[in-house]
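Report on one structure; see the data block that follows.
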Amino acid sequence: MFRRKARMKLHWSTRSPYVRKVMAAAIETGLDASIQTRLSTVSLSTVNADVERDNPLGKIPTLVTDEGVALYDSLVICEYLDHHSRKGRLFPQGFDQRLEALRWHALGNGLTDILILWNNERGRDPALQSPAHLSSYHAKTLATLDALEATVDELDRREFDIGHLGVAVGVGHADFRFADLQWRTTRPRLSAWADRMAERESLRRTVQFDPRLQKPA
Ligand SMILES: N[C@@H](CCC(=O)N[C@@H](CS)C(=O)NCC(=O)O)C(=O)O
């Protein structure tokens, strides 16, 4: 059969949780084969000129569509893919359902944001690290994981959407960068839910890895 030529370009890396979310959304929506990934290394303290040409924010993921339009951030890209989907629906149509999905996504994505900031802070020269920032990131991470432990059954009752993806990527990033946190030991419901999510094809095929430290399983 004819295969659609891969024409969309995605600034991508194996380490980024936001990229993971977009690639998982591409798999969920059946559009992954239409995306050409381009390894783009970014950090808060450097500028990647190649990424900046497509996105002045210099962030990944950035998707350049068939028409040459650059899209960011990850949630916008997910909605674009969902709109062109031949398969699932990640963004519910009705307002109430959509708002609920976006709220769950915001919680999971907010967790990801905090973990990224925390990992950046603790990766700085110890003399420059701010104890106040480190302890605030720690406290907010634990509070978010506790809130998810208390409410994940509600999420579990919903049909899979962008909310599940946002939360699964957030807790996945905690596993990836903060194994030392051992968040699972006191949060059995969230841990079991995360394990079930991780079996989903889109999440199985997008497990993060750091090529400097490890090879994919
Ligand atoms: N809100 C953005 C966050 C993207 C983001 O911060 N990506 C990181 C990589 S994981 C990045 O590009 N960092 C470089 C920078 O912030 O300059 C999204 O959802 O796409």
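Just so it is clear, the model here is predicted, and its values are computed rather than measured. Counting from 1, the numbers follow the sequence of the chain as shown. Note that ligands are numbered from 1 as they come in the structure, with each ligand's atoms numbered from 1 the same way.
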Contacts of H164 meeting ring-ring contact (aromatic ring centres under 6.0 Å, His included) (sequence neighbours excluded), chain-then-number -> F160
Rounded at 0.5 Å granularity, tell me how far [atom1] in [X] sits from [atom2] in [Y].
X: H84; Y: L31; atom1: NE2; atom2: CG; answer: 8.5 Å
X: F91; Y: L81; atom1: CZ; atom2: CG; answer: 9.0 Å
X: N48; Y: K59; atom1: CG; atom2: NZ; answer: 13.0 Å

If the criterion is any heavy atom closer than 4.0 Å to an atom of ligand 1, which residues make the list?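 These residues qualify: S16, P17, Y18, V42, S43, L44, K59, I60, P61, D73, S74, I116.
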Please output the side-chain donor-acceptor pairs of residues 100-108 that fall under 3.5 Å, not counting sequence neighbours, one pair per line with the distance.
{"residue": "H105", "atom": "NE2", "partner": "K21", "partner atom": "NZ", "Å": "2.8"}

Applying ring pair (Phe, Tyr, Trp, His ring centres under 6.0 Å), which residue pairs with at least one partner in residues 32-65 are found, sequence neighbours left out?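 Checked against ring pair (Phe, Tyr, Trp, His ring centres under 6.0 Å) - neighbours excluded - no pair reaches residues 32-65.
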